[in-house]
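Keep in mind that what you see is a predicted model, and the values were worked out from it rather than measured. All chains are named by letter (A, B, ...) in the order of the sequence lines, taking the proteins before the strands, and each is independently numbered beginning at 1.
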Number of protein chains: 2
Amino acid sequence: MSQVIRKQAVTAEDVAKRAGVSRAVVSRALSSNGSISLATKEKVLRAAQELGYQVNFLAQGLNRQRSHLIGVIVARIGDPFRSSLLEGLLHEIQRRGYQALVTEITGEQDLVTTLRRFTQFRVSGVIVTSGKPPEAIVNECVGQQIPVVGINRHPDIPFVDFVCSDNHRGAQLAAEQLVHAGCRRFGWLINRNSTWAGVMRGEAFEHALQQLDVDTQRHLRWISASEEGYDGGWQAALNDKDELPEGIFCANAQLACGFLDGMRQRGKFAPHDFHLIGFDNTPQSGQFSYQLTTLHQDVAEISRRALTRLLERAKNPLQPSRVEWVKVELIHRQTSPRIG
Amino acid sequence: MSQVIRKQAVTAEDVAKRAGVSRAVVSRALSSNGSISLATKEKVLRAAQELGYQVNFLAQGLNRQRSHLIGVIVARIGDPFRSSLLEGLLHEIQRRGYQALVTEITGEQDLVTTLRRFTQFRVSGVIVTSGKPPEAIVNECVGQQIPVVGINRHPDIPFVDFVCSDNHRGAQLAAEQLVHAGCRRFGWLINRNSTWAGVMRGEAFEHALQQLDVDTQRHLRWISASEEGYDGGWQAALNDKDELPEGIFCANAQLACGFLDGMRQRGKFAPHDFHLIGFDNTPQSGQFSYQLTTLHQDVAEISRRALTRLLERAKNPLQPSRVEWVKVELIHRQTSPRIG
DNA sequence: TTGAAAGCGTTACCAA
DNA sequence: TTGGTAACGCTTTCAA
């Protein structure tokens, strides 16, 4: 039979009493901070165990001026890539003994509110995976010694670190694959109001094609989607009435899947009628119905690096801003098969 | 030029000094808790504004014995339905002025750790979307007056509320659709170690078929997937060598998409060779390549109800456990088209 | 090594 | 209506 016993939480005071020592000793025993004899330490730990003592993180954080919380800013987690990034971050945050505070923002203005709220909780760090926080509010964080790291964001804020997939290399791999596959006319598919990462991939793609002697003025065409995600790609495929390029590179996976489906609807198939390479390598892109050739973003590695940067900067807040480029890998699937 | 000014956070003391009042008055002015004259209130608010004062939530929480945090337990957010549920919950939590503490668990044993950690932050409530927490630890929460609500979980813990999609009604709608579409032999696709919700859908499906005069002993067959998600469905389709049922109901969307693809691989297509109805209505199920007929789970409504339950129970912790069934809707798409 | 005591920033009770 | 003050539970300095 289940019994609910209403009880006050056990405090350090209780443990101290039971172990016959002072509150201070209890604190030392549990935080291994300050000297204590092995005997008393064990005595205290046993007492704590017996009483089921749990530190009150609010009190601890108040005293230390820092909680064990890490704030994470996300957006549109319905998007498979974003949810897998969040998953990676949660995993890493928890692995290192922190607890994630997650906020989903829907517009840039939410960023200020959110960041401010994070500071009110005295977070140990902030991870921004979406939006571009105004420098003023980021400086408030920096001023309060709260490390901030941006993921796949434009690295242009002092004292903030950035971890990005290597878009440059990714675009290069895509360009090489398409050129070697024999494509001569190219397309670059991206939605309006794309993120910095998307824009960068496009520029890098153009540059990489030029390096491969493609006359991008004549043979590279931009295909613009009016909205983001699957629907954007779908619409773009249906609306684009110009000649279909032979090799298309796309800013992300969702857009690519939508485009692929839109083209199917029009009776055009990859790789027969065109080649298509996406970005992200979401689970969906590997499914039977898509089999999208794509650049893989190493979410686990990105997450690890983000946390490492955060903890590094906590130790040394004023070190110069660092940018880390995480390796990407070309996954060969049906929409642009491996050559040779 | 950006300037980082290192500064201590502004405290209520600072505001008090500036407004020429006591700390206590500042607290009242901001929390509208306790009496205060309009004049002084405005004076204080102005001072707070000028100094950019932000309440320290750690201190506030310590004093009030309750933070503005709500703990959310999730798993496998790579799964589209789960990420959209999380999205709905985050939205609702933020809308009500709380902050979400999110933990992803990978096994049942993480639940205890997580729940305990939530209590250490003195959360205002806990939302469990995955796993089955041991009653003992839930009772610890209840004992500390922390409301707990389960989503799509088996409602069997005292003093805990539950919000579930109406699986019973969903299965009934599916059965009716399939029967009316002329199916005579039925299949029920689910993965081993399914959640309670999945199992319930299966039982309800069987029951609904019986109500429609189907001899389920002879004409309902279970198709079991050895793993969950898309891959589970895919494998099930490839491995299942018995006669293909005419009408198949599936425990969730991912499994259904995988099954659909696996069948395609085998040269079988819906709705030509069989009908298929899934659950969840994830974005993917509406895409051109799947067009899955499916039961829609109203994530927004589920989230709203969950929060409402939580706040209700905070006021009245010992009220009897409540279960709310949220309406589901059959979305007619290609894998089992609307009849007539 | 240990304990006393001074915070950490709020809130809430109780007098005034 | 207001201000003083005692919590809230923990950490850390400083003496002992």
Side-chain angles (χ1 to χ4, degrees), chain A residues 7-45 47-48 51-69 116-117 119-124 144-145, chain B residues 7-45 47-48 51-69 116-117 119-124 144-145:
Chain A
K7 63 173 173 190
Q8 280 301 325
V10 180
T11 74
E13 184 74 52
D14 301 326
V15 178
K17 217 167 279 170
R18 173 150 194 145
V21 296
S22 73
R23 271 200 328 282
V25 174
V26 175
S27 175
R28 284 179 212 130
L30 278 101
S31 62
S32 48
N33 208 344
S35 59
I36 184 174
S37 78
L38 189 64
T40 39
K41 178 163 185 171
E42 280 173 352
K43 190 170 55 180
V44 171
L45 289 181
L51 294 174
Y53 172 70
Q54 307 281 126
V55 179
N56 179 328
F57 285 146
L58 263 22
Q60 184 181 72
L62 174 60
N63 187 289
R64 297 209 187 150
Q65 325 253 20
R66 195 103 311 167
S67 64
H68 256 68
L69 261 17
R116 194 154 280 150
R117 194 199 287 248
T119 67
Q120 295 184 267
F121 279 109
R122 298 292 185 269
V123 295
S124 295
Q144 294 188 42
Q145 312 263 53
Chain B
K7 62 173 174 189
Q8 280 301 327
V10 180
T11 74
E13 184 73 53
D14 302 325
V15 178
K17 216 167 278 168
R18 173 149 194 147
V21 295
S22 74
R23 269 198 334 277
V25 173
V26 174
S27 175
R28 282 178 218 133
L30 279 103
S31 63
S32 48
N33 207 345
S35 58
I36 186 173
S37 78
L38 190 65
T40 38
K41 178 164 185 170
E42 280 173 352
K43 189 170 54 179
V44 172
L45 289 181
L51 294 174
Y53 172 70
Q54 307 281 125
V55 179
N56 179 329
F57 285 146
L58 262 24
Q60 184 180 72
L62 174 60
N63 186 287
R64 296 223 245 241
Q65 323 252 23
R66 195 101 313 167
S67 63
H68 256 67
L69 260 18
R116 196 155 277 150
R117 194 198 286 249
T119 66
Q120 294 184 268
F121 279 109
R122 299 292 185 269
V123 296
S124 295
Q144 294 187 40
Q145 312 263 52

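Between D:dT1 and B:S35, a contact under 4.0 Å exists linking OP1 or OP2 to a side-chain N or O. Neither OP1 nor OP2 of C:dT10 sits under 4.0 Å from any side-chain N or O of B:S31. Phosphate proximity of D:dG9 to B:Q65: present, with a side-chain N or O under 4.0 Å from OP1 or OP2. A sub-4.0 Å separation between OP1 or OP2 of C:dC8 and a side-chain N or O of B:N56 is absent.
Remark on DNA chain D: of its neighbouring residues B:R28 and B:R64, the 5'-side contact belongs to B:R28, judged by nearest-heavy-atom nucleotide. Ranked by how close their nearest DNA chain D nucleotide is to the 5' end, B:T40 and B:L62 are led by B:T40.
Protein atom CG of B:N63 is 15 Å distant from nucleotide atom P of D:dC10, rounded to whole Å. For the pair B:H68 NE2 and C:dT10 P, the computed distance is 15 Å after rounding to whole Å. Residue B:E13 contributes atom CD, which lies 10 Å from atom C1' of C:dG9 at whole-angstrom precision. Distance B:Q120 CD to D:dC10 P: 10 Å, rounded to the nearest Å. With rounding to whole Å, A:N33 atom CG is found 12 Å from D:dT13 atom C1'. Look at CZ on A:R23: it is 11 Å from C1' on C:dA6, rounded to the nearest Å. Here C:dG9 presents its P atom at 16 Å from CG of B:L30, a figure rounded to the nearest Å. When the P atom of C:dG3 is taken as reference, atom NZ of A:K41 falls 16 Å away, rounded to whole Å.
Counting any heavy atom pair closer than 4.0 Å across all strands shown, A:S27 reaches a base atom. The residue A:F57 sits apart from the nucleic acid: no heavy atom pair falls under 4.0 Å. Nucleic acid contact class of B:V21 (heavy atoms, under 4.0 Å, all strands): sugar-phosphate only. Among the atoms of the strands shown, only primed sugar atoms or phosphate atoms (P, OP1, OP2) are found under 4.0 Å from some heavy atom of B:A12.
Panel note: side chain B:Q120, backbone A:V55; a donor-acceptor pair is recorded below 3.5 Å.
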